[in-house]
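Worth knowing before you read on, the calculation uses all heavy atoms, side chains too, and leaves out hydrogens, waters and symmetry mates.
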Amino acid sequence: MSIRVADHLGEQDWSTLQAMANTHRLGPLLHWRLSRELPELPIPQSLREACAQSFRAATMRSLMLQRELLQVHRILKTSGIPHVALKGAWLAFHAYPLPGLRPLRDLDILVPEAEVFRAFQVLQDSGFTRLKPYEGSLDACARHGKHLPPLRSPSGQVNIELHLKLYQPEENTEAGFDLSDEDGFWGRLIESDVAGHGIAYLPPTELLLHVIVHAVYDHQFSNGPLLISDLAYLLEKSPIDWPRFWMLARRGGHQSGVVLALRLLERYRTDVTIEWPYPEATVLDVEQSLLDGAAELMLRNFKARCDVNLGHEVSIHTGLMGKIAFVLGKIFPPRSKIALTYPVSEHSIWVYAWYPVRWWWLFGKRLPEFFVARRLGHLQAEMSQVAQLSAWLNKTA
């Protein structure tokens, strides 16, 4: 933001900016830049104070998260279960200048698929508890997703997600391929110190790919602009094996999304160096409108993403029969979908007893919320941007 732009912002503009910073957890980074690089920028004192307070709160939470990470590490290590901390933990504690600059919602821990149920039970035996909104069958979650339902730490302050995969199964273009299944994966992990303990993390090359796949394919950029600073600090901190990176991106069918994320990074951080594969494939030619749309998706309301995704799903089912089939699929989902949400096995006869519970939620809560959201002007625009993004991600290099 230049001084000239700041001079033309009114009170409502600053309020909107502060709300966006709160939504996307950008307060600590704003405080860092405002205090170190832009101290003379004419912004309201209330915004400066709010950003400073968010930095202090994020710093205190980062200390607590380190404590919780070490607790999980000790429990799993004692039980002989290999484990690796994912994404935000390494970024916050090792890539950013200070841990408080990269707020974390929860902790993601990957364990070998064969050990995931034992790891879940070991943590429960150590005082971690299931959460009421996430009572789905463990078996269904393991067979149809990449992680088990979250566990709440004994302190009641942090959620832990145990992952058995790094990719959502439906995203894989090569049958059965997951980044964690690569030969030698567990032997290539790196260790970094957290309060005197060596914590295992993904190597930088794999971490870079995982961060992008998570943001682009799992969330369609709705997890916000932190993606840009995540990528920039990661590249600044660690060397990347670029030939291997592009090989893994192609193997997982993620090259289109990776290209888009890195082109966005180049747009906003001209100081980064990216080694593009040559000769450049057609997929590398990203249209300006696609970059603009992806950038706007990073600033959307995170809570509204479900309404946008539902609207997009409705729009891609064309014709009367297509829409009828879509609606029936929502009303009568497969038993595995019920088991993912409710505490019942998809193979049990009792799974059918949970369909009325789903219908109560669907017609009493979900659809009314969606129809209210459809009246908002931004929904159609975001649906169009998601459609454009989906078309791009379906391209092949």
Side-chain angles (χ1 to χ4, degrees), residues 136-137 140-141 143-146 167-177 213-223 252-257 260 282-283 286-287 289-290 292-294 296-297 300-342 344 346 351-397:
S137 159
C141 291
R143 285 194 293 112
H144 302 290
K146 64 178 182 177
Y167 298 156
Q168 287 286 4
E170 63 269 23
E171 290 172 0
N172 302 341
T173 57
E174 181 179 317
F177 172 73
V213 170
H214 177 74
V216 180
Y217 290 86
D218 292 358
H219 290 284
Q220 295 81 47
F221 291 104
S222 68
N223 51 352
H254 297 124
Q255 189 176 12
S256 298
L260 178 57
T282 304
V283 73
V286 184
E287 294 182 2
S289 62
L290 180 62
D292 293 340
E296 291 181 22
L297 286 174
R300 61 177 163 154
N301 187 323
F302 187 75
K303 294 180 179 179
R305 70 195 188 283
C306 292
D307 294 318
V308 174
N309 292 338
L310 178 57
H312 173 62
E313 286 185 86
V314 173
S315 68
I316 62 178
H317 288 82
T318 58
L320 178 60
M321 296 307 297
K323 294 193 181 299
I324 289 175
F326 172 74
V327 171
L328 290 177
K330 289 294 183 182
I331 298 175
F332 301 101
R335 291 174 299 176
S336 60
K337 178 73 172 180
I338 297 295
L340 283 172
T341 307
Y342 303 106
V344 64
E346 64 186 280
V351 71
Y352 297 104
W354 288 97
Y355 276 86
V357 178
R358 175 180 171 81
W359 297 335
W360 179 267
W361 167 82
L362 182 63
F363 294 107
K365 185 175 189 296
R366 184 68 191 96
L367 288 180
E369 288 178 347
F370 174 68
F371 288 123
V372 169
R374 285 200 64 175
R375 301 194 193 106
L376 303 177
H378 66 81
L379 190 67
Q380 292 298 326
E382 290 183 13
M383 284 170 51
S384 177
Q385 290 162 347
V386 169
Q388 184 184 30
L389 173 62
S390 297
W392 172 263
L393 297 182
N394 288 329
K395 293 179 67 173
T396 55

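When the side-chain contact (heavy atoms from CB on, under 4.5 Å) test is applied to Leu320, the partners found at least two apart in sequence or on another chain are Ile324. Taking Lys146 as the reference, Asp218 meet the side chain to side chain donor-acceptor pair (under 3.5 Å) condition, with sequence neighbours excluded. Under the rule for a salt bridge (charged side-chain N to carboxylate O under 4.0 Å, His left out), the partners of Arg143 that lie at least two apart in sequence or sit in another chain are Asp139, Glu346. Considering only residues two or more places apart in sequence or on other chains, Phe363 meets the ring pair (Phe, Tyr, Trp, His ring centres under 6.0 Å) condition with none of them. Listed by chain and residue number, His312, Val386 satisfy the side-chain contact (heavy atoms from CB on, under 4.5 Å) test with Ser390 (two or more places apart in sequence, or in another chain). Residues that satisfy the side chain to side chain donor-acceptor pair (under 3.5 Å) test with Glu382, not counting sequence neighbours, are His378. Looking at residues two or more places apart in sequence or on another chain, you find a side-chain contact (heavy atoms from CB on, under 4.5 Å) between Val357 and Tyr342, Trp354.
Taking all atoms of both residues into account, the shortest heavy-atom contact from Gln168 to Gly145 is OE1-CA, 3.8 Å. Residues Ala140 and Ala339 share a closest heavy-atom pair of CB-CB, 3.7 Å.
Here the CZ atom belonging to Phe371 is positioned 10.0 Å from the CZ atom belonging to Arg366, to the nearest 0.5 angstrom. Interatomic distance, Gln255 CD to Leu260 CG, rounded to the nearest 0.5 Å: 12.5 Å. The structure places CG of Leu367 at 4.5 Å from CG of Leu362, a figure rounded to the nearest 0.5 Å. Here the OG atom belonging to Ser137 is positioned 12.5 Å from the CD1 atom belonging to Ile338, to the nearest 0.5 angstrom. Annotation: the span from Asp292 atom CG to Leu297 atom CG amounts to 11.0 Å, rounded to 0.5 Å.
Listed by first and then second residue, the salt bridge (charged side-chain N to carboxylate O under 4.0 Å, His left out) pairs that reach into residues 326-335 are Glu313-Lys330, sequence neighbours excluded. Within the structure, the side-chain hydrogen bond (donor to acceptor under 3.5 Å, both in side chains) test picks out the following pairs touching residues 355-365 (sequence neighbours left out): Lys365-Glu369.
Looking at heavy atoms from C-beta onward, Gln385 lies out of side-chain contact with Phe221 at the 4.5 angstrom threshold.
The closest donor-acceptor contact from the side chain of Tyr217 to the backbone of Gly257 lies under 3.5 Å.
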